[in-house]
Amino acid sequence: MADEVNKQEPEVPKKKAGLSLPVIIGIGAGVLIVLVVVILFAVKMMLNSVVGTQQGDTQSTEQVQKPVEDKELSNIEYYKKMADEDKISENDSKYMETGRITTNPRASTQFVVVNLGLSYRIGVDAEDAEKKEGTETDDQKRRFEALIRNAINNQIGDMSVGELQQIRRDSLTSIFKERLVPVFINNRIFLRDVILVEYIIQ
């Protein structure tokens, strides 16, 4: 009877412990690919950093050896350079007058007559000034003078008669200078001083 029970129950096949061979090969290949990618990325980053530092070193040595040319400077940087290298001597400065400028103050039927004397310097040094003067055309000079007159007209037009009468004359030259500096910066000319030659409110 016991033999019959044994014959009736077939043996269940035992499962092998662990992973199959194709799964193990796939995992190994995946790990290998990831390692290769990581190593290549690390090598590339190291090469880039080495090349970057070498380029930075060569650029810094070039900058030390070769001074920055004035043409490469922005207008503001050039103006600051002229201001830093400005000499007290009046020999290298030039002078011009705006001529009589007549305009109305803000919301007024009265008018103001102003004539400003401008002391300025072209270029950082005498050689630079000669180059600039030689290349400047009559149209450029007229445009520059028109921009100066426009800035003065705008300054007076922004102020009322009461404001103009309250301001001291020495303060007025500072206000005009502040208004004119951007014009001079854009034309790469250094404005040294503003003189109030004539000033009338009528």
Side-chain angles (χ1 to χ4, degrees), residues 59 62-63 66-202:
Q59 285 177 356
E62 284 174 6
Q63 287 175 354
K66 180 187 168 189
V68 179
E69 291 186 15
D70 291 338
K71 290 178 184 176
E72 296 171 3
L73 295 173
S74 71
N75 289 346
I76 293 174
E77 291 170 336
Y78 187 74
Y79 192 85
K80 285 179 182 174
K81 184 177 178 182
M82 285 193 291
D84 292 341
E85 297 180 17
D86 189 39
K87 298 168 188 162
I88 296 175
S89 169
E90 293 290 327
N91 296 336
D92 61 339
S93 69
K94 301 194 174 296
Y95 177 80
M96 69 173 282
E97 287 189 12
T98 60
R100 294 181 111 197
I101 299 171
T102 307
T103 190
N104 295 91
R106 186 182 70 228
S108 174
T109 55
Q110 290 182 282
F111 60 90
V112 174
V113 178
V114 66
N115 181 13
L116 298 179
L118 307 175
S119 173
Y120 63 96
R121 187 164 53 86
I122 301 172
V124 175
D125 51 30
E127 187 179 331
D128 190 21
E130 285 174 18
K131 283 182 193 173
K132 282 193 169 188
E133 261 190 305
T135 57
E136 197 175 35
T137 64
D138 288 339
D139 285 342
Q140 288 173 322
K141 288 179 183 175
R142 281 197 295 272
R143 183 179 180 281
F144 178 59
E145 290 169 4
L147 288 169
I148 290 170
R149 294 175 71 86
N150 179 58
I152 295 166
N153 272 321
N154 287 340
Q155 182 60 53
I156 294 170
D158 287 345
M159 302 172 81
S160 67
V161 174
E163 290 170 334
L164 288 167
Q165 288 172 337
Q166 288 176 357
I167 296 172
R168 291 175 43 188
R169 288 180 181 244
D170 56 346
S171 301
L172 199 59
T173 57
S174 300
I175 291 169
F176 283 127
K177 184 174 182 179
E178 188 178 325
R179 191 71 173 232
L180 288 170
V181 163
V183 175
F184 280 77
I185 287 174
N186 290 334
N187 287 274
R188 295 171 84 92
I189 298 172
F190 177 63
L191 178 61
R192 298 182 86 170
D193 199 15
V194 175
I195 303 160
L196 198 62
V197 178
E198 186 177 14
Y199 179 65
I200 303 167
I201 300 176
Q202 290 184 340

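Computed from a prediction, not measured in an experiment: that's the story for all the values here.
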| note | OG1 (T103) and CD1 (I152) are apart, to the nearest 0.5 Å, by 10.5 Å
| note | The complete set of salt bridge (charged side-chain N to carboxylate O under 4.0 Å, His left out) pairs with one or both residues in residues 145-156, sequence neighbours excluded, reads none
| task | Please identify each residue that fulfils side chain to side chain contact (heavy atoms under 4.5 Å, CB included) with N150, with sequence neighbours left out. | result | N154
| said: I'd like to know whether I189 forms a side chain to side chain contact (heavy atoms under 4.5 Å, CB included) with R121, so could you lay out the CA-CA distance, the side-chain angles of the two residues, the decisive distance to 0.1 Å, and finally the verdict. | reply: CA-CA 6 Å; I189 298 172; R121 187 164 53 86; over 6 Å; no
| task | Evaluate side chain to side chain contact (heavy atoms under 4.5 Å, CB included) for I148 paired with M96, printing each intermediate quantity in order. | result | CA-CA 11 Å; I148 290 170; M96 69 173 282; 4.2 Å; yes
| task | Mind checking side-chain hydrogen bond (donor to acceptor under 3.5 Å, both in side chains) for D170 and listing every partner two or more places apart, or none if nothing turns up? | result | R168
| field | Step-by-step side chain to side chain contact (heavy atoms under 4.5 Å, CB included) determination, K94 to Y120 | value | CA-CA 5 Å; K94 301 194 174 296; Y120 63 96; 3.6 Å; yes
| remark: The complete set of ring-ring contact (aromatic ring centres under 6.0 Å, His included) pairs with one or both residues in residues 141-160, sequence neighbours excluded, reads F144-F184
| request: Could you tell me which residues satisfy side-chain hydrogen bond (donor to acceptor under 3.5 Å, both in side chains) with R169, sequence neighbours excluded, listed by chain and number? | output: none
Name every donor-acceptor pair, under 3.5 Å, that has one atom in a side chain of residues 193-202 and the other anywhere in the protein, sequence neighbours excluded.
{"unit_1": "E198", "atom_1": "OE1", "unit_2": "R100", "atom_2": "NE", "d": "3.1"}
{"unit_1": "E198", "atom_1": "OE2", "unit_2": "R100", "atom_2": "NE", "d": "3.2"}
{"unit_1": "E198", "atom_1": "OE2", "unit_2": "R100", "atom_2": "NH2", "d": "2.7"}

| N186 side chain reached by L147 side chain, heavy atoms, under 4.5 Å | no
| message | So, using side-chain hydrogen bond (donor to acceptor under 3.5 Å, both in side chains) as the criterion, who are the partners of T173 when residues are at least two apart? | response | none
With a 3.5 Å cut-off and sequence neighbours excluded, list the donor-acceptor pairs that the side chains of residues 107-117 form with protein atoms.
{"unit_1": "S108", "atom_1": "OG", "unit_2": "Q110", "atom_2": "N", "d": "3.0"}
{"unit_1": "N115", "atom_1": "OD1", "unit_2": "T98", "atom_2": "OG1", "d": "3.4"}
{"unit_1": "N115", "atom_1": "OD1", "unit_2": "G99", "atom_2": "N", "d": "3.0"}
{"unit_1": "N115", "atom_1": "ND2", "unit_2": "E97", "atom_2": "OE1", "d": "3.1"}

| task | Among residues two or more places apart or on two chains, list those pairs meeting ring-ring contact (aromatic ring centres under 6.0 Å, His included) that have a residue in residues 148-176. | result | none
Pairs of donor and acceptor atoms involving the side chains of residues 156-165, under 3.5 Å and at least two apart or interchain, shall be tabulated with distances.
{"unit_1": "D158", "atom_1": "OD2", "unit_2": "R179", "atom_2": "NH1", "d": "3.2"}
{"unit_1": "D158", "atom_1": "OD2", "unit_2": "R179", "atom_2": "NH2", "d": "3.2"}
{"unit_1": "S160", "atom_1": "OG", "unit_2": "E163", "atom_2": "N", "d": "3.2"}
{"unit_1": "E163", "atom_1": "OE1", "unit_2": "S160", "atom_2": "N", "d": "2.9"}

